[in-house]
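Being a predicted model, the structure only gives us computed values, none of them experimental. Naming: A, B, ... by sequence-line order, numbering from 1 per chain.
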Protein chains: 2
Amino acid sequence: MNDHSLFAMKQNKNKEKYFRIIQAATRVFARRGFYQAKVSEIAREAKVADGTIYLYFENKDDILISLFEEQMKVVLQNMREQVAGLESPVQKLERFALCHLRLIEQNKDMAEIIQVELRQSSKFMKSYKNEQFAEYLDLIADIVRAGQQEGLFKKAILPDLVKRALFGALDELSRYWVLSSHRKYDIETAAKQISDTFLYGLAADSGKISAEIQGKRERRLR
Amino acid sequence: MNDHSLFAMKQNKNKEKYFRIIQAATRVFARRGFYQAKVSEIAREAKVADGTIYLYFENKDDILISLFEEQMKVVLQNMREQVAGLESPVQKLERFALCHLRLIEQNKDMAEIIQVELRQSSKFMKSYKNEQFAEYLDLIADIVRAGQQEGLFKKAILPDLVKRALFGALDELSRYWVLSSHRKYDIETAAKQISDTFLYGLAADSGKISAEIQGKRERRLR
DNA sequence: GGGTTATGAATGAATGATCATTCATTATTC
DNA sequence: GAATAATGAATGATCATTCATTCATAACCC
């Protein structure tokens with residue numbers, strides 16, 4: 001638990017207001033970007049006074065950090081559950097790609113904060129390491145390592161590198177989706193293209209990957 | 001030619017000073033981030049007075065945009081030349097990945113502006129479309145389409161989607177590299193892992209891809 | 001050729017807008 | 001009534017930009 005959560009814990013008297021401010025901040029940051037967004041706008045959106053914000057958060061940066069941590073907690077938990085129900089690394093990777101891109105549909109503002117605004121905002125973010133974000137990436141690395149152990153993926157693949165490549169690929173598509181007004185493909189198509197590209201790209205034997213992907217389809221038809 | 005270049009053209013009397021300001025801005029933005037960077041710092045770094053900046057650029061945003069356009073021109077030109085000398089889409093894609101990641105070594109500040117700061121900075125950037133950046137991405141799409149035409153890559157692949165995925169993957173590794181103090185792999189390793197992943201991922205027949213990659217090695221040994 | 005004037009570039013302190021944050025005051029809760 | 005929470009105008013810091021002034025150079029005149 002870091003300093004920011006500690007601050008929030010101290011102000012724990014009114015969780016409803018704390019989360020209301022966080023939700024409001026999500027919308028305002030998504031709409032305006034971190035730097036253009038004003039604390040007074042967040043206060044108005046949350047229906048509290050400007051000064052109330054400082055009863056719950058240390059400063060404007062703290063709002064963004066707290067928001068990210070709260071939201072990342074949800075995202076990580078959800079992704080863990082999605083992936084846990086599957087046995088095969090192939091299905092896990094497919095599910096990861098789909099769920100990650102699905103964030104956009106489920107909560108556009110939240111997706112924008114996580115994918116567009118936060119990791120971008122400023123130099124101070126360079127020194128901010130979010131453990132949950134690292135764990136999110138490690139989900140990918142764990143899938144890759146499992147695939148290597150089962151002989152599905154090449155031994156020469158570096159999981160810590162591939163996790164970033166896959167995340168980067170998904171993230172770029174998310175960003176495009178968020179920023180773009182007309183989209184030429186839907187989320188399912190995009191997820192499938194990316195997961196297939198990575199699965200066949202990592203494959204020790206592409207026949208085995210096809211079988212795993214086909215295997216999933218047959219299980220569905222039963 | 002957009003409005004910003006036109007402004008620069010009008011102030012064309014002292015190109016040396018214009019570029020000196022741009023170089024200084026590159027360093028300051030890379031070091032401090034766009035929002036933390038002050039115009040006065042750029043002026044100091046360029047050894048000009050604060051007010052002189054406004055003889056050459058409309059405002060702070062214009063500095064960033066002009067800088068991006070100047071630098072992107074160079075990056076695009078260089079990448080075109082690197083790729084033009086090659087015949088095979090396989091070699092082209094490999095070269096693209098390597099050259100993109102090599103940007104980091106050649107000019108860390110420039111790489112940071114292009115890869116970390118610019119596409120991130122604010123909501124006004126959402127409406128700013130850089131033609132050269134789009135063309136940079138289209139280099140990838142063109143490589144993919146050529147690969148499809150030659151029967152090397154799957155027909156079902158969407159080039160406009162894959163270009164973003166590859167760029168995103170490379171970009172995330174660049175970002176990690178720029179932001180990270182200790183790196184576990186070198187640029188050549190990273191580039192190879194990514195290009196291989198994408199090449200085998202896109203492959204209509206992985207045997208053919210292996211042959212193309214091997215073919216390159218044999219040509220080298222002669 | 002030298003001195004004066006005009007012009008444009010450059011200067012940097014002043015200006016004014018912005019907005020995060022504070023804190024005296026008010027409202028609410030127990 | 002006391003303690004706590006909430007308020008929102010005031011405060012003060014920040015900094016992008018302006019503009020009166022200076023400087024450097026070219027042009028003009030004698």
Side-chain angles (χ1 to χ4, degrees), chain A residues 3-4 7-29 31-67 117-118 121-125 128, chain B residues 3-4 7-29 31-67 117-118 121-125 128:
Chain A
D3 288 341
H4 305 285
F7 189 88
M9 290 287 284
K10 282 178 184 166
Q11 312 303 324
N12 215 5
K13 294 171 184 152
N14 200 334
K15 297 207 77 151
E16 189 271 328
K17 195 163 285 185
Y18 172 80
F19 282 105
R20 187 159 21 109
I21 295 171
I22 281 195
Q23 298 305 322
T26 302
R27 293 191 294 273
V28 175
F29 286 153
R31 187 163 70 229
R32 306 271 281 129
F34 178 67
Y35 282 100
Q36 257 69 49
K38 287 176 278 190
V39 169
S40 57
E41 284 182 89
I42 295 168
R44 192 188 322 125
E45 183 91 16
K47 300 189 201 307
V48 298
D50 296 4
T52 307
I53 301 282
Y54 298 93
L55 298 178
Y56 293 86
F57 303 91
E58 254 185 273
N59 51 41
K60 189 182 175 185
D61 291 344
D62 187 33
I63 304 177
L64 186 60
I65 290 171
S66 303
L67 174 165
E117 283 299 321
L118 184 80
S121 294
S122 67
K123 285 298 178 183
F124 94 83
M125 284 299 172
Y128 172 65
Chain B
D3 289 343
H4 305 288
F7 188 88
M9 289 288 283
K10 282 177 180 167
Q11 312 302 323
N12 217 5
K13 291 166 186 160
N14 200 334
K15 295 205 78 144
E16 189 271 331
K17 195 162 286 188
Y18 173 78
F19 282 105
R20 188 164 15 116
I21 295 171
I22 281 196
Q23 297 306 324
T26 303
R27 291 192 293 275
V28 175
F29 287 153
R31 188 164 67 229
R32 306 270 281 130
F34 178 68
Y35 283 99
Q36 257 70 50
K38 287 176 278 190
V39 168
S40 58
E41 283 183 273
I42 296 168
R44 192 186 320 123
E45 184 90 15
K47 300 192 204 297
V48 297
D50 296 5
T52 306
I53 301 283
Y54 298 91
L55 298 178
Y56 294 85
F57 303 92
E58 258 184 88
N59 52 42
K60 191 180 174 187
D61 291 341
D62 186 33
I63 304 177
L64 187 60
I65 289 171
S66 302
L67 175 165
E117 284 298 321
L118 183 80
S121 295
S122 66
K123 285 299 180 182
F124 95 84
M125 284 298 170
Y128 173 64

Qualifying salt bridge (Lys or Arg N to Asp or Glu O under 4.0 Å) pairs, either residue in residues 33-42 of chain A, two or more places apart: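 Found R32(A)-E41(A).
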Grab the [atom1]-[atom2] distance between [X] and [N] for me, whole Å please.
X: I21(B); N: dT11(C); atom1: CD1; atom2: C1'; answer: 13 Å
X: K17(A); N: dT28(C); atom1: NZ; atom2: P; answer: 11 Å
X: L55(B); N: dT11(C); atom1: CG; atom2: C1'; answer: 9 Å
X: E16(B); N: dA9(C); atom1: CD; atom2: C1'; answer: 14 Å
X: I53(B); N: dA10(C); atom1: CD1; atom2: C1'; answer: 12 Å

Note, I22(B) side chain near F57(B) side chain (heavy atom, < 4.5 Å):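 Yes - at least one pair of side-chain heavy atoms lies under 4.5 Å apart.
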Those residues that, when tested against Q23(B), pass side chain to side chain donor-acceptor pair (under 3.5 Å) (two or more places apart):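 With sequence neighbours excluded, Q23(B) shows a side chain to side chain donor-acceptor pair (under 3.5 Å) to no residue whatsoever.
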Residues that R20(B) engages under side chain to side chain donor-acceptor pair (under 3.5 Å), provided they are two or more places apart: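 Residues passing side chain to side chain donor-acceptor pair (under 3.5 Å) with R20(B): E16(B).
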Parallel, tilted or perpendicular, as decided by the 30° and 60° cut-offs, for the rings of Y56(A) and Y18(A):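 Tilted, since the angle between the ring planes falls between 30° and 60°.
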Residues in side-chain contact (heavy atoms from CB on, under 4.5 Å) contact with A43(B), at least two apart in sequence or another chain: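 Here the qualifying residues are V48(B), D50(B), I53(B).
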Under 3.5 Å, which N/O atoms of the protein pair with N/O atoms of nucleotides 14-21 of chain D?
from	atom 1	to	atom 2	distance (Å)
dA16(D)	OP1	K60(B)	NZ	3.4
dA16(D)	OP2	V39(B)	N	2.7
dT17(D)	OP2	Y54(B)	OH	3.1
dT17(D)	OP2	K60(B)	N	3.0

